[in-house]
2 protein chains.
Amino acid sequence: MKTSPDTANTTQRADKKEQRRLQMADIARLAGVSTSTVSRALSGSKLVNDETKTRIAELAKSLNYSINIGAQNLRLKQSRTIAVVIPSDSATRQHLTDPFFLGMLGSLADALTERGFDMLVSRVDAEQLDSVSQIYDTGRASGIILIGQWRHHDQLNELALRQVPLVVWGAQLPKQLYVTVGSDNINGGKLATRHLLDQGRRAIAFFGDIQLPEVSQRYQGYCAALSEAGLPVREELVVAASFVEDGGKQAVAELCARQVKFDALFACSDLLAMTAINSLRERDFSVPADVAVVGYDDIELARYFHPPLTTIRQPMPVAGLALVDALLQQIDTHASQAFLLDTELIIRRSSQ
Amino acid sequence: MKTSPDTANTTQRADKKEQRRLQMADIARLAGVSTSTVSRALSGSKLVNDETKTRIAELAKSLNYSINIGAQNLRLKQSRTIAVVIPSDSATRQHLTDPFFLGMLGSLADALTERGFDMLVSRVDAEQLDSVSQIYDTGRASGIILIGQWRHHDQLNELALRQVPLVVWGAQLPKQLYVTVGSDNINGGKLATRHLLDQGRRAIAFFGDIQLPEVSQRYQGYCAALSEAGLPVREELVVAASFVEDGGKQAVAELCARQVKFDALFACSDLLAMTAINSLRERDFSVPADVAVVGYDDIELARYFHPPLTTIRQPMPVAGLALVDALLQQIDTHASQAFLLDTELIIRRSSQ
DNA sequence: TTGAAAGCGCTAACAT
DNA sequence: ATGTTAGCGCTTTCAA
C-alpha cells in the first residue's frame with residue numbers, strides 16, 4: 001500500500017523521489033477551505049466571497065501553484081489544443097523546410113495563442129495521412145489544421161468523412177468534402193502574368209507542377225492573363241518543375257533543351273524562382289534584362305535576393321487567423337466555409 | 001476578401017446530436033469482457049489471452065476507437081509532451097521568422113516523434129520568460145526546450161532554480177544553472193576567420209552583436225584566428241550589427257562611414273551576410289573580388305544566393321536529437337550536461 | 001457563500 | 001487469464 005507523502009516523512013538527499021507536485025487539495029488545506037471553493041475561486045466564480053477569492057489567489061501565486069490542465073480538460077471534456085499537421089514526404093522529409101510553410105507556422109502560433117489554444121505540431125508521413133485522425137480520436141486535439149494539400153485530395157476527403165474537424169491550407173477543388181482556406185491562386189497567377197506582359201514581355205515561361213491544386217490554379221490565372229492579352233498558351237513554355245531540391249535548375253535545363261526563346265518566367269514558388277535565376281545566370285542570361293522573373297509566396301528572403309525578387313504575396317498574418325477561425329467555427333457549429341484570401345503583387349527588381 | 005463562389009463547399013451536418021465518443025467501456029461491453037481486459041489487451045499485456053487480445057484489437061480498429069490520451073496521461077501522471085518555446089520580441093514578433101529557428105523546429109519535430117513525444121510549440125514574450133514555467137506547472141508538458149538564449153541568461157537561471165526541466169539552445173556561460181546544447185561557436189568563428197585569412201584577406205570585418213552569448217563566442221574565435229596569424233584585432237572593423245530587419249545594411253553603412261578599408265567580412269548569421277552583400281553591391285563593392293564574405297548557419301537559401309554563400313554550418317539534424325535527449329535525461333535523472341556540436345565550414349563562391 | 005460527493009476515461013493493484 | 005475496485009486532479013451538481 002502506498003502512503004501519501006506527508007510532512008512527517010524525512011526527505012533524504014539521496015532520495016530521488018519526485019517532490020510531489022502541489023495540487024488543489026493542498027491549497028484548500030492551507031487556506032482552510034474545500035477544494036470546491038479553491039476551484040471556484042481560481043476560476044473567478046462569483047459564488048465565492050471576494051475576500052476568500054483574493055486570499056486563495058495570492059496563496060496559489062505565492063506557492064507557484066497552477067491548475068493541472070490535464071485533469072481539468074478531462075473533467076471538462078475539452079482539450080483547448082489544435083494540431084497543426086505538415087505532411088512530410090517519406091523520402092525527402094523536406095517539406096517542413098520550405099520557408100513558406102514555416103512562416104505559416106508562426107502565423108498559426110500567434111492566431112492560436114490569441115484564441116486561447118495550444119498548438120501541437122506534428123509531421124506526418126504523407127502516405128499515411130489517415131493516421132491524422134488519431135490525433136483527434138485520442139482526444140489529443142480538438143481539431144486539425146493541415147498545411148500542404150499536395151495530391152492528397154482523396155485522403156483528405158476520407159478524413160472529412162470520418163468527421164474529423166479539419167481545415168486544409170490549399171485550393172478548393174470539385175467534390176471536396178473538407179474545408180480549405182487559401183489564397184486566391186487564380187488571381188495570383190493573373191497578377192504575375194499581367195505584370196510581365198506590362199513589362200512588354202511576350203514569351204513567358206511557366207514553372208510549376210500542375211498536378212498540385214494550387215499550382216494548377218496559378219496556371220489557370222497565367223492562361224487567363226495571356227488570353228486577355230490575345231496571346232496563345234504555348235505548351236513549350238510550360239515546365240513541370242517540382243518544388244523540391246534544384247527544381248529550378250532542372251526546369252531551366254529542360255527549357256533550354258527545348259530550344260525555345262523566352263523573355264520572362266513565372267515560377268510557382270520563390271524557391272523555384274531563386275534556383276532558376278541562379279541557373280539562368282550560369283547560362284549567361286541576365287535577370288531581368290534578358291529574362292524577367294516573378295516568384296510566388298514572398299518569403300522573407302525574397303527582398304534580399306539578387307536581384308530582389310518580384311513575387312506574389314500570400315497574406316500570412318491573416319492566413320493563420322483565417323485557418324484557426326474556420327476550424328473553431330467548424331468545431332462549434334459543425335459547418336464552415338472555404339475561404340479565399342487576397343493575393344498581392346510585390347514588384348521588385350527581378351522583373352523590371 | 002471573398003467567399004468562394006462554389007456551391008458545394010459548405011460542409012453541414014443536419015444531425016447535430018452529439019454522437020458520444022466511443023470509450024473503453026463500450027469496447028468492453030461489445031467484447032463481453034471488463035475494461036481492465038480491454039486496457040491490458042490494447043497495451044499489449046501478456047496477461048491476456050492472445051485470442052482475446054486480437055479480438056479486442058480488431059474490434060477497436062473496426063470501430064475506430066483509440067484510447068483517450070488525456071485520461072491515460074492523468075492516470076499515469078505523465079504527459080509525453082515537450083514544449084518548444086521561442087521567445088518573441090514583443091515589438092517586432094520577428095523571431096519565429098528567422099529561417100534558422102524554423103529549421104530547428106523541423107529537426108525537433110523529428111526528434112520528438114522518434115522518441116514518442118508530442119511537440120507543443122509556443123511563442124512567449126521575451127520579457128515574460130518566467131511565464132514559461134506555467135507550461136510545466138500546469139502539467140501541460142513534461143519539459144521545455146527553449147530556442148533563443150538571447151540576453152535572457154538571468155531569467156533562464158531563475159527558471160532552472162524553479163526546477164523546471166529545461167534545455168536551451170545556445171552558448172554555455174559562467175554561472176549557468178540551466179543546461180545548454182549548442183554548436184561550437186568559438187571554433188565556428190575560428191574556421192570562418194581562418195578561411196578568410198587563407199584567401200589572403202587581411203582586413204576582416206566582423207558583424208554581430210557581441211552582447212549575445214553565441215555571437216560573443218564567435219567573436220572570440222575570430223580574435224583567436226587573427227592572433228594565430230599574428231594579426232591584431234582592429235576595433236574599427238567590428239560592427240555591432242543586429243539580427244533584425246536590415247541589420248546588414250546598417251552595418252555596412254556604419255563601416256563605410258568609418259572610412260576604413262576592408263577586404264573581407266564575417267557576418268554572424270546568413271541573413272546578416274545576405275543583406276550586407278546586397279548593400280555592398282549597391283555601393284559598388286564586388287563580392288567576393290573586393291570583399292570576401294562568410295556567413296553563419298547555412299540556412300537552406302545560402303546555396304541559392306548570389307553569389308552562393310560560404311558559411312558555417314550548424315548540424316541541424318543532430319541538434320534536435322541532442323536537445324531532446326538532454327531534456328529527457330534531465331527529466332529522468334534530474335541531471336544532464338551541456339553539449340557542444342561540431343561546426344563545419346561550407347565553402348562556396350562568396351569567399352573565393 | 002461553502003462543502004460533500006460523484007465522476008471525466010483510464011490503469012493497476014488486489015482479488016479470484 | 002480475467003474481474004473488482006480505487007483512484008489520477010479536477011469541476012459541478014446538490015444539499016446545507
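Labels below follow one simple rule: chain letters A, B, ... track the order of the sequence lines, proteins then strands, and each chain is numbered from 1. Values below: every heavy atom of this structure, side chains too, minus hydrogens, waters and symmetry copies. Please read these numbers as outputs of a predicted model, since none were measured by experiment.
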Proximity to the side chain of A:Ser39 - top-ranked nucleotide from C:dG9, D:dT11, D:dG9
D:dT11
What's A:Ser36 touching, base or sugar-phosphate or nothing? Going by heavy atoms closer than 4.0 Å.
base
Options D:dT4, C:dG9, D:dG9, nucleotide nearest the side-chain atoms of B:Ser34
D:dT4
When you measure from the side chain of A:Thr52, which nucleotide among C:dT2, C:dA6, D:dT2 comes out closest?
C:dT2
Residues, nucleotides or ligands: over 12 heavy atoms within 6.0 Å of B:Gln78 CD
yes
Over how many whole Å does the gap from A:Gln23 atom CD to D:dC8 atom C1' extend?
9 Å
Nearest to the side chain of A:Val48, which nucleotide is it out of C:dT2, C:dC8, C:dT11?
C:dT2
Name the closest nucleotide to the A:Asn49 side chain, picking from C:dT2, D:dT2, D:dT11.
C:dT2
What's A:Leu76 touching, base or sugar-phosphate or nothing? Going by heavy atoms closer than 4.0 Å.
sugar-phosphate
B:Arg140 has an atom CZ; how far is it from atom C1' of D:dG9, in whole Å?
15 Å
Atom CD of A:Glu51 and atom C1' of C:dT2 are separated, to the nearest Å, by 13 Å
Working to the nearest 0.5 Å, report the span between CD1 of A:Ile135 and CG of B:Asp118.
8.0 Å
Between A:Arg40 and B:Ala71, which residue's closest nucleotide on DNA chain D lies nearer the 5′ terminus?
B:Ala71
From CD (B:Gln172) to OG1 (B:Thr180), nearest 0.5 Å
4.5 Å
Round to the nearest Å and state the distance from B:Ile56 atom CD1 to D:dA1 atom P.
13 Å
Which of these nucleotides, C:dT11, D:dG9, D:dC10, is closest to any side-chain atom of A:Leu74?
D:dG9
Rounded to whole Å, the CD1-C1' distance (A:Ile67 to D:dC10) equals 8 Å
CG of A:Asn68 versus P of D:dG7: gap in Å, rounded?
18 Å
Tell me the interatomic distance from B:Lys46, atom NZ, to D:dT2, atom C1', rounded to whole angstroms.
18 Å
Salt bridge or not between A:Asp137 and B:Arg21? Use side-chain N to carboxylate O under 4.0 Å.
no
With distance as the sole criterion, is a donor-acceptor pair present between the side chains of B:Tyr178 and B:Gln149 under 3.5 Å?
yes
Regarding C:dG9, can its base be found pairing with the side chain of B:Arg21 as donor and acceptor, where the two atoms are less than 3.5 Å apart?
no
Distance only, no hydrogens: is a donor on one side chain within 3.5 Å (strictly under) of an acceptor on the other, for B:Ser88 and B:Arg123?
no
Step by step, work out the side-chain contact (heavy atoms from CB on, under 4.5 Å) result for A:Ser39 and A:Met24.
CA-CA 8 Å; A:Ser39 172; A:Met24 206 173 260; 3.8 Å; yes
Among D:dG3, D:dT11, D:dC8, which is the nearest nucleotide to the side chain of B:Val33?
D:dG3
Starting at CG of B:Asn73 and ending at P of C:dG9, how long is that distance when rounded to a whole Å?
15 Å
Would you give the length of the straight line joining atom OG of A:Ser131 to atom CG of A:Leu159, rounded to the nearest 0.5 angstrom?
8.5 Å
Using the C1' atoms of the five pairs at each end, what is the angle between the end axes of the helix from C:dT1-D:dA16 to C:dT16-D:dA1, to 10°?
40°
Once hydrogens and angles are ignored, does a donor-acceptor distance under 3.5 Å link the base of D:dG9 to the side chain of B:Arg75?
no
